[in-house]
Amino acid sequence: METIVSRDFEAYLDELTLITILLPRNRSWEANPTFQLLKDDGKSYTLEVIFQEEHDHFFKYQCTLMERIRVENNYQLICQDAQTDLQIGAVVRTEQFDAEYAYDGDDLGVQYSSPCSTFKIWAPTATQVLLQVIDATSGSEETLEMLRMEKGVWEKKVEKDVEGFYYIYKVCVNQIWRVAVDPYAKSVSLNGEFGVIIDPSKIKKTFNASPSLIEFTDAIIYETHIRDFTIHPGSGVDKKGTYKGFTESTTDTGLDYVSRLGITHIELLPVNDFGGINEAEKESSYNWGYNPLHFFAPEGSYSLNPSHPYERIYELQEMIDEIHKKGISVILDVVFNHVYVKEDSSFEKVVPGYYFRYDQHGFPSNGTGVGNDIASERRMVRKFIVDCILYWTHTFQVDGFRFDLMGILDIDTMNEIKRTINKLDRKMLLLGEGWELNTPLPVQQKATIRNSSKMDGIAFFNDRFRDSVKGSTFNLYDRGFCLGNTQQTEEVKKVVAGSLSVFDNPELSVNYVESHDNHTFWDKAVKCNSMEEKDIIRKRQKLATCMVLLSQGIPFLHSGQEFYRTKQGEGNSYKSSDEINQLDWELCKKWAKDVTYIQQIISIRKSHRSFRFNKKEQVNKHMRFLPTNPEVIAYELVDVGAFGEWDQIVVIFNNSLVEQQIVLPQKDSWMILADHLHASESGLYTLVTKKLIVQPVSCLILAKQMKHKFT
């Protein structure tokens with residue numbers, strides 16, 4: 001529903017006291033035209049022209065006036081015998097506009113009760129807003145005029161029980177009507193075409209408590225996608241690809257398997273309502289979920305009944321609760337950096353031009369690469385993000401958030417999120433992609449890795465770790481340490497020690513070599529090291545996974561990484577088939593011994609806090625590297641008896657195809673916790689030695705107790 005408006009010329013409000021006028025060259029105008037502004041109450045103003053220039057198709061003028069324009073009023077511009085309406089322009093992106101119209105109430109959306117429900121939407125530039133409510137059972141519709149309140153909030157009270165009704169807003173801005181779903185809608189109809197009114201008391205749930213997180217470095221994150229997790233024919237799951245199927249009891253697959261693996265957090269790719277899948281025919285298409293449509297409502301394609309407004313909520317709540325019962329916490333991947341299609345988004349329909357960034361020429365910026373960047377620095381955008389985080393935290397009891405393309409967001413927004421969740425009664429994990437992206441936000445304001453010291457307690461995906469251990473993500477044939485490169489061994493040592501040249505503390509470094517993005521480690525390795533046998537490549541991947549788990553920082557595993565997940569060489573599978581994206585549980589069975597090895601490495605990490613230092617001072621005091629050749633990285637943890645069973649630990653990574661000899665700090669009785677075949681937190685066997693032979697492409701862990709512990 002959009003109206004085509006014909007105008008003699010264009011006039012835009014770009015600041016509260018600045019108007020830009022465009023006179024088309026296809027008609028004659030006076031050499032020095034004068035402009036009159038006529039207010040809807042009959043009052044008129046003569047505008048002062050402060051700037052003018054000629055363009056190919058129009059003359060541009062900028063004019064000022066002493067009195068501030070009120071965007072809720074109607075104004076007309078008069079030039080000679082021509083007249084036009086004053087349109088809302090770039091004013092919405094000014095600090096003045098935010099100061100004048102930002103709303104701090106906590107009641108946007110629908111406040112439901114059976115006798116009377118209140119609808120509120122922030123639309124300060126609208127001249128009229130209509131609420132349409134639709135009885136989903138009978139199909140009867142009612143269109144109601146809303147009343148403008150303070151700060152540009154429009155309100156309507158509906159004095160009847162509208163639970164289960166569909167609703168939508170019709171918003172008139174610049175004489176153009178647009179139809180929009182409520183940005184604060186907590187549930188939506190099939191494919192998100194309407195908001196659905198629900199009773200908040202019916203979605204209140206008592207959850208099983210998730211495990212408490214003492215330090216961020218205690219977390220071991222396992223990233224997966226709800227559909228990928230169970231869609232494989234060998235998953236042993238009946239309701240494949242759904243919230244319900246995610247927690248079905250199985251023997252060697254699914255959540256039961258992940259629980260035995262020993263990870264602490266499952267990170268879920270986006271579960272809010274997204275585009276790219278027809279929820280009525282969900283098997284016919286696939287999507288990761290980075291096409292956000294409705295930020296508060298759960299995605300319907302994972303539900304057994306996507307048409308039911310409560311079911312998608314209940315099923316997701318139950319899924320998270322079941323994960324908690326397994327002793328695992330839940331992190332949600334959230335996408336606040338862009339929307340699916342800017343022009344179709346509720347943001348753009350309700351307050352055009354406000355929610356997105358624009359470049360110096362007035363075009364939408366594209367740092368995200370998908371055509372739009374969310375302007376998180378604006379007060380009502382920041383409020384929306386914080387409100388959304390709080391809703392998911394309270395309604396679904398999640399334990400953390402992963403911020404997609406966090407470098408698009410601003411530092412103040414991220415810190416506001418951190419301050420808000422710090423007020424809660426549990427410790428939550430915040431992490432994100434702090435990449436430097438080409439968006440108009442000043443460099444010093446971006447939530448990027450370079451600004452990590454300005455965001456205390458927010459962790460960052462560490463691309464230095466990824467690229468030095470695995471090889472460049474953007475060059476398929478670039479090899480990192482685990483693929484045999486010996487040129488960057490010193491850089492690898494730095495990332496193993498927590499990347500303290502990059503981050504203030506190791507707890508800010510999320511260490512990984514593989515995620516949903518780009519090629520899996522296996523797919524990259526078989527290209528980079530095509531000259532090697534597959535069993536060698538598997539050893540290299542196992543070594544890389546050990547390095548992720550045994551480095552200082554927060555380890556992050558892509559689901560299936562531990563059993564050589566492949567996407568058949570596809571480097572960007574965001575909308576590829578299930579056959580490409582599925583978690584192949586047959587591979588898990590095939591490489592069960594290697595899975596058991598990684599399981600024990602996880603146990604070793606969890607058994608001793610010296611693998612999980614959260615502060616720089618601890619690393620500097622207790623961790624040091626042993627002299628080795630470039631094919632080997634060996635570090636020791638000294639005087640660490642206060643952190644666990646062992647007083648001294650030595651960890652060795654060998655990327656060479658041949659055995660390597662290592663000279664230990666002293667000859668003593670060493671307990672071998674892991675060799676190239678087996679691992680155990682309690683130890684495999686003892687060696688009394690000063691020199692060791694490390695097997696090709698392998699990890700070795702030794703430990704020594706304090707002498708008094710032997711008595």
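Counting from 1, the numbers follow the sequence of the chain as shown.
Here the side chain of R178 pairs no donor or acceptor atom with the backbone of S346 at under 3.5 angstrom. Proximity of a side-chain donor or acceptor of N529 to a complementary backbone N or O of E532 within less than 3.5 Å is not detected. Checked by atom type and distance alone, the side chain of S189 pairs as donor or acceptor with a backbone atom of F194 at under 3.5 Å. S365 contributes no side-chain N or O that, together with a main-chain N or O of G367, makes up a donor-acceptor pair within less than 3.5 Å. Counting only distance, with no hydrogens or angles, the side chain of E311 and the backbone of L304 share no donor-acceptor pair below 3.5 Å. Looking at D199, its side chain never comes within 3.5 Å of a backbone N or O of E163 through a donor-acceptor pair. Judged by distance alone, with hydrogens and angles left aside, the side-chain atoms of E433 form no donor-acceptor pair with the main-chain N or O of F461 at under 3.5 Å. In terms of modelled atom types and a separation under 3.5 Å, the side chain of K524 and the main chain of S472 share a donor-acceptor contact. R605 contributes no side-chain N or O that, together with a main-chain N or O of R612, makes up a donor-acceptor pair within less than 3.5 Å. With R227 contributing its side chain and D578 its backbone, the two residues share no donor-acceptor pair below 3.5 Å.
Legend: residues meeting ring-ring contact (aromatic ring centres under 6.0 Å, His included) with Y257, ordered by chain and number and at least two apart, are W585. Residues that satisfy the salt bridge (charged side-chain N to carboxylate O under 4.0 Å, His left out) test with K383, not counting sequence neighbours, are D387. Qualifying salt bridge (charged side-chain N to carboxylate O under 4.0 Å, His left out) partners for E436, counting only residues two or more places apart in sequence or in other chains: K446, R450. Scanning for salt bridge (charged side-chain N to carboxylate O under 4.0 Å, His left out) contacts around D344 gives an empty result, with sequence neighbours left out.
How far OG1 of T264 is from CG of L213: 7.0 Å, rounded to the nearest 0.5 Å. In this structure, the separation between CD1 on I385 and CD1 on I374 is 7.0 Å, given to the nearest 0.5 Å. Atoms OG1 and CG, from T395 and L390 in turn, are 10.0 Å apart once rounded to the nearest 0.5 Å. Note that the CD atom of E533 and the CZ atom of R538 stand 9.5 Å from one another [nearest 0.5 Å]. Within the model, atoms CG of L261 and CG of L255 stand 11.5 Å from one another, a figure rounded to the nearest 0.5 Å. Rounding to the nearest 0.5 angstrom, the gap separating the CG atom in N462 from the CZ atom in R466 is 9.0 Å.
In this structure, a donor-acceptor pair under 3.5 Å is present between the side chains of Y290 and D333. Side chain to side chain, S509 and N511 meet the donor-acceptor criterion of an N or O pair below 3.5 Å. Between E299 and S301, the side chains place a donor N or O and an acceptor N or O closer than 3.5 Å (distance only, hydrogens not considered). Under the 3.5 Å distance criterion, with hydrogens and angles disregarded, a donor-acceptor pair is assigned to the side chains of D584 and H232. D399 and S210 form a side-chain donor-acceptor contact under 3.5 Å, judged by distance and modelled atom types alone. For the residue pair T368 / N337, no side-chain donor-acceptor distance below 3.5 Å is found, with atom types taken as modelled. D410 and S376 share a side-chain donor-acceptor pair at under 3.5 Å. Checked by atom type, the side-chain pair R464/S499 shows no donor-acceptor distance below 3.5 Å.
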TODO: Before giving the answer on side chain to side chain contact (heavy atoms under 4.5 Å, CB included), spell out for L431 and E267 the whole-Å C-alpha distance, their side-chain angles and the decisive distance to 0.1 Å.
DONE: CA-CA 11 Å; L431 62 151; E267 180 184 300; 3.9 Å; yes

Task: Residues W522, I537; criterion side chain to side chain contact (heavy atoms under 4.5 Å, CB included); working and verdict - done: CA-CA 8 Å; W522 178 261; I537 296 176; 3.5 Å; yes

Task: Criterion side chain to side chain contact (heavy atoms under 4.5 Å, CB included) on Y222 and I328, from CA distance to verdict - done: CA-CA 10 Å; Y222 193 79; I328 300 173; over 6 Å; no

TODO: Could you walk me through whether Q561 and V513 pass the side chain to side chain contact (heavy atoms under 4.5 Å, CB included) test, one step at a time?
DONE: CA-CA 9 Å; Q561 173 181 333; V513 293; 3.6 Å; yes

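Considering only heavy atoms from C-beta on, H558 stays 4.5 Å or farther from Y512 through its side chain. For the pair I408/H338, no side-chain contact is recorded, criterion being any heavy-atom separation below 4.5 Å from C-beta on. Side-chain atoms of T230 and T250, non-hydrogen and from C-beta on, never get closer than 4.5 Å to each other. Counting only heavy atoms from C-beta outward, the side chains of L268 and F229 never approach each other to under 4.5 Å. Side-chain atoms of D594 and Y564, non-hydrogen and from C-beta on, do get closer than 4.5 Å to each other. With contacts defined as side-chain heavy-atom distances shorter than 4.5 Å, the pair F216/I458 does not qualify. A 4.5 Å side-chain heavy-atom check between M319 and I226 finds at least one atom pair inside the cut-off. Side-chain contact check for P183 versus F295: every heavy-atom pair is 4.5 Å or farther apart.
Between S559 and T224 the shortest heavy-atom distance is OG-OG1, 3.2 Å. Taking each heavy atom of E223 and H516 in turn, the nearest pair found is OE2-ND1, 2.6 Å. Contact between S187 and P309 at its shortest, heavy atoms only, is OG-O, 2.6 Å. Taking all atoms of both residues into account, the shortest heavy-atom contact from M547 to F465 is O-CZ, 3.7 Å. Between C528 and R479, the shortest heavy-atom distance links the atoms CB-CG, 3.7 Å. For the residue pair D523 and T566, the shortest heavy atom distance occurs at OD1-OG1, 2.6 Å.
For F246 and Y302, the ring centers are positioned 6.0 Å apart or more. The ring of F347 has its center closer than 6.0 angstrom to the ring center of F384. Checked against a 6.0 Å centroid threshold, the rings of F296 and Y184 count as neighbours.
For residues 314-334, the ring pair (Phe, Tyr, Trp, His ring centres under 6.0 Å) pairs, not counting sequence neighbours, are Y310-Y314. Applying the salt bridge (charged side-chain N to carboxylate O under 4.0 Å, His left out) rule to pairs touching residues 268-282 yields D273-R312, E279-R312, sequence neighbours excluded.
Comment: D238 does not engage K244 in a salt bridge, judged by the lack of any side-chain N to carboxylate O separation of less than 4.0 angstrom.
Atom CD1 of I214 has 12 or fewer heavy atoms from other residues, nucleotides or ligands within 6.0 Å. By the neighbour-count criterion of 12 heavy atoms within 6.0 Å, atom CG of N305 is densely surrounded, having more than that number from other residues, nucleotides or ligands.
Geometric assessment of K205 against the ring of F207 yields a positive cation-pi assignment under the 6.0 Å and 45° thresholds.
None of Q568, K567, H519 except one satisfies the side chain to side chain donor-acceptor pair (under 3.5 Å) rule with S573; the exception is K567.
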